[in-house]
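The structure appears right after this line, and notes come after that.
The basis for the numbers below is simple: all heavy atoms, side chains too, and nothing from hydrogens, waters or symmetry mates. Just so it is clear, the model here is predicted, and its values are computed rather than measured.
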Amino acid sequence: MKHQALPSFAAATAAAKVLTVSAVALAVAGCSLFSSDKRKPVELEPNVALIGVKQTWTQRIDKANPTLVMNVSGNVVTMGSADGQLAAVNADTGAELWRANVGQKLSAGVGSDGKWAAVVTEGGDLVVLSQGKEQWRKRLSNRAYTAPLVAGARVFVQSADRSVSAYDAATGNPLWSQSKTGESLVLRQSGVLMAYKDTLVTGVSGRFVGIDPNNGSLRWEVPIASPRGTNDVERLVELVGGVSRVGSVLCTRAYQMAVGCIDADTAQLRWTVRAEGLNGVSGDDEVVAGADGNGVITAWARDGGSVAWTSSRLKYRKLSQPLVLGRSVIFGDGNGVVHMLSKKDGSPLNRFATNNSGISVAPVIAGNTMVVQTNDGAVYGFQPD
């Protein structure tokens with residue numbers, strides 16, 4: 001296929017700064033999204049607010065699910081609901097900028113560069129909008145559970161089997177697609193799809209993979225974890241979103257197996273450690289943090305991967321993917337409570353409630369505002385007090 005001349009991938013990204021083979025397999029995949037653990041959560045200690053936080057606005061969309069990540073572009077947060085609604089809000093004020101409905105339930109989204117927003121429906125349609133107006137939609141050959149990446153006037157999609165395709169953002173014209181001999185099982189959970197300089201970075205079978213965004217050719221790959229076990233379920237290994245990036249170092253989790261970091265400039269593994277969590281990680285230049293499936297939190301030193309601290313104070317509380325922000329590691333829990341823990345030692349800094357529907361979508365930071373979306377679709381903006 002002849003490729004069109006397109007804007008610089010690196011410039012655009014800098015600016016924007018199933019289990020499918022059986023019912024048993026599907027059930028295993030579902031445990032990564034909606035925990036069925038009935039064990040009693042650890043009792044919370046009395047709250048002492050060492051960091052002041054105030055709620056500054058609220059919005060509402062509709063029910064969320066964990067694959068519908070919120071997208072941040074500047075001070076604009078774009079979010080989606082399970083029933084197909086999309087909305088963009090100003091994170092400073094909570095003012096709605098636009099709202100739309102794509103007419104189908106969503107399985108993945110939202111990806112945006114501030115100009116175009118992209119989602120994938122449960123029926124397998126890739127839908128692209130601009131300022132809330134649908135521009136085009138294309139039927140995909142496979143389902144998708146990872147938010148599309150919009151960068152360099154292109155839309156990139158990672159399918160459930162971890163193959164990747166690219167489309168012109170303005171027209172929807174296909175640019176290239178990878179054919180992949182998939183594993184016998186794939187994970188019904190968000191994977192890795194991001195830009196690093198002029199490289200498209202994705203995750204395939206426990207490996208970070210660098211791809212040329214112009215033609216889909218492989219540039220490099222670095223394993224975080226390798227398959228093990230004697231059957232397909234035990235041998236399932238996939239990288240899950242989100243990824244913590246500081247400079248050239250990218251860190252992520254391999255589902256139920258490991259946490260590790262690579263250097264994307266040199267395509268070299270920095271470190272990897274055994275870790276059995278389900279959801280992604282967050283970090284800064286000092287630590288990488290995440291929780292295992294039981295809610296035990298671990299912070300690893302970004303340089304070398306040694307354990308900085310662990311905490312069981314939120315055990316069995318059904319934690320979201322974290323947000324490392326300033327001196328805090330922040331989690332939402334299954335009761336709708338936001339917990340701020342010390343990045344230094346895991347001690348409590350503050351906690352505050354949203355509603356009791358739970359938080360499974362990772363909190364995000366846009367400008368000076370932390371945005372939290374609850375499972376029933378309430379959206380909250382919090383700022384320092």
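Under a cut-off of 6.0 angstrom, the local environment of CG in Asp212 is crowded, with over 12 non-hydrogen atoms contributed by other residues, nucleotides or ligands. Within a 6.0 Å sphere centred on CZ of Arg313, heavy atoms belonging to other residues, nucleotides or ligands number more than 12.
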Given Thr369 and Gln383, is the side-chain hydrogen bond (donor to acceptor under 3.5 Å, both in side chains) satisfied, shown in steps?
-> CA-CA 5 Å; Thr369 303; Gln383 294 179 352; 2.8 Å; yes
Should Asp113 and Arg154 be marked as a salt bridge (Lys or Arg N to Asp or Glu O under 4.0 Å) after you check the CA-CA gap, both sets of side-chain angles, and the distance that decides it?
-> CA-CA 10 Å; Asp113 65 352; Arg154 284 158 284 186; over 6 Å; no
For salt bridge (Lys or Arg N to Asp or Glu O under 4.0 Å), just list the numbers for Arg137 and Asp125, CA-CA rounded to whole Å, side-chain angles, deciding distance to a tenth of an Å, and then say yes or no.
-> CA-CA 6 Å; Arg137 65 175 63 201; Asp125 288 343; 3.6 Å; yes
Go through the steps to decide whether Asp284 and Lys343 satisfy the test salt bridge (Lys or Arg N to Asp or Glu O under 4.0 Å), and finish with yes or no.
-> CA-CA 10 Å; Asp284 60 11; Lys343 184 182 72 174; 2.6 Å; yes
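Of the possible polar contacts, none joining the Glu221 side chain to the Arg207 backbone as a donor-acceptor pair under 3.5 Å is found. A donor-acceptor pair is defined here as one N or O able to donate and one able to accept, closer than 3.5 Å; such a pair exists between the side chain of Arg245 and the backbone of Gly247. With hydrogens and angles ignored, the 3.5 Å screen pairs a side-chain donor or acceptor of Thr67 with a backbone N or O of Ser107. Asn335 places no side-chain N or O within donor-acceptor distance of the main-chain N or O of Val337, the cut-off being under 3.5 Å. For the pair Trp136 (side chain) and Ala169 (backbone), a donor-acceptor distance under 3.5 Å is present. Using a distance-only test at 3.5 Å, with no hydrogens or angles considered, a donor-acceptor pair links the side chain of Gln178 to the main chain of Gly216. A distance-only check finds no donor-acceptor pair linking the side chain of Arg351 to the backbone of Leu44 [under 3.5 Å]. Under a 3.5 Å cut-off, the side chain of Thr199 and the backbone N or O of Val201 do not form any donor-acceptor pair. A donor-acceptor pair is defined here as one N or O able to donate and one able to accept, closer than 3.5 Å; no such pair exists between the side chain of Trp176 and the backbone of Ser217. Judged by distance alone, with hydrogens and angles left aside, the side-chain atoms of Gln135 form a donor-acceptor pair with the main-chain N or O of Lys133 at under 3.5 Å.
Put simply, Leu314 and Ile330 are part of two different groups of oily side chains (I, L, V, M, F, W, Y) that touch within less than 4.5 Å, one to the next. Under the 4.5 Å side-chain heavy-atom criterion for ILVMFWY residues, no single connected hydrophobic cluster contains both Val364 and Val69. In the hydrophobic cluster analysis, where Ile, Leu, Val, Met, Phe, Trp and Tyr join through side-chain heavy atoms closer than 4.5 angstrom, Met79 is grouped apart from Ile365. In the hydrophobic cluster analysis, where Ile, Leu, Val, Met, Phe, Trp and Tyr join through side-chain heavy atoms closer than 4.5 angstrom, Trp309 is grouped apart from Leu349. Met340 and Phe331 end up in different hydrophobic clusters when Ile, Leu, Val, Met, Phe, Trp and Tyr side chains are linked at under 4.5 Å.
Here the CD1 atom belonging to Ile61 is positioned 4.5 Å from the OG atom belonging to Ser81, to the nearest 0.5 angstrom. Gln189 contributes atom CD, which lies 5.5 Å from atom CG of Asn279 (distance to the nearest 0.5 angstrom). With values rounded to the nearest 0.5 angstrom, Thr78 atom OG1 is found 14.5 Å from Trp116 atom CH2. Taking CZ of Arg143 as the reference point, atom CD of Glu122 lies at 5.5 Å (rounded to 0.5 Å). We find the CE-OG distance between Met257 and Ser226 to be 7.0 Å, quoted to the nearest 0.5 Å. With rounding to the nearest 0.5 angstrom, the CZ atom of Phe208 is 7.5 Å from the SG atom of Cys251.
With a 4.5 Å cut-off between side-chain heavy atoms of Ile, Leu, Val, Met, Phe, Trp and Tyr, the cluster of Val110 takes in Leu68, Val76, Leu86, Leu97, Trp98, Val102, Leu106, Val119, Val127, Leu129. Other members of a hydrophobic cluster containing Val287 are absent, since no ILVMFWY side chain comes under 4.5 Å of it, directly or through relayed contacts. Applying the under-4.5 Å side-chain rule to Ile, Leu, Val, Met, Phe, Trp and Tyr, the cluster around Val249 consists of that residue alone. Other residues sharing a hydrophobic cluster with Val307 under the 4.5 Å side-chain heavy-atom criterion for ILVMFWY residues are Val259, Trp271, Val273, Val281, Val288, Trp300.
Shown here for Ser177 and Ser165, the closest heavy-atom pair between the two residues is CB-CB, 3.8 Å. Annotation for Val237 and Ala254: closest pair CG2-CB, 4.3 Å, computed over non-hydrogen atoms. Considering all non-hydrogen atoms of both residues, Ala366 and Val77 come closest at CB-CG2, 3.7 Å.
When only modelled atom types and interatomic distance are considered, Asn375 and Ser360 share a side-chain donor-acceptor pair under 3.5 Å. Judged purely by distance below 3.5 Å, without hydrogens or angles, the side chains of Ser205 and Arg162 never pair a donor atom with an acceptor atom. Using modelled atom types and a 3.5 Å distance limit, the side chains of Asp92 and Asn75 yield a donor-acceptor pair.
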Validation: residues 319-329 side-chain donor-acceptor distances under 3.5 Å, sequence neighbours left out:
{"from": "Ser320", "atom 1": "OG", "to": "Gly332", "atom 2": "N", "distance (Å)": "3.0"}
{"from": "Gln321", "atom 1": "OE1", "to": "Gly242", "atom 2": "N", "distance (Å)": "3.0"}

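Residues passing the salt bridge (charged side-chain N to carboxylate O under 4.0 Å, His left out) test with Asp265, sequence neighbours excluded: Lys197. For the side chain to side chain donor-acceptor pair (under 3.5 Å) test, no residue two or more places apart in sequence or in another chain qualifies with Thr56. By the side-chain contact (heavy atoms from CB on, under 4.5 Å) test, Asp285 is found to be paired with Val246, residues two or more places apart in sequence or in another chain being considered. Residues satisfying the side-chain contact (heavy atoms from CB on, under 4.5 Å) test with Ser306, not counting sequence neighbours, are Ala301. Residues forming a side-chain contact (heavy atoms from CB on, under 4.5 Å) with Thr202 (at least two apart in sequence, or on another chain): Gln158, Val164, Leu193, Val204, Val209, Ile211. The side-chain contact (heavy atoms from CB on, under 4.5 Å) search around Val296 returns Asp292, Ser312, Lys315, not counting sequence neighbours. Scanning for side chain to side chain donor-acceptor pair (under 3.5 Å) contacts around Glu43 gives an empty result, with sequence neighbours left out.
A centroid separation of less than 6.0 Å is found between the aromatic rings of Phe382 and Phe352.
Using a 4.5 Å heavy-atom cutoff, the side chains of Thr354 and Val338 are in contact.
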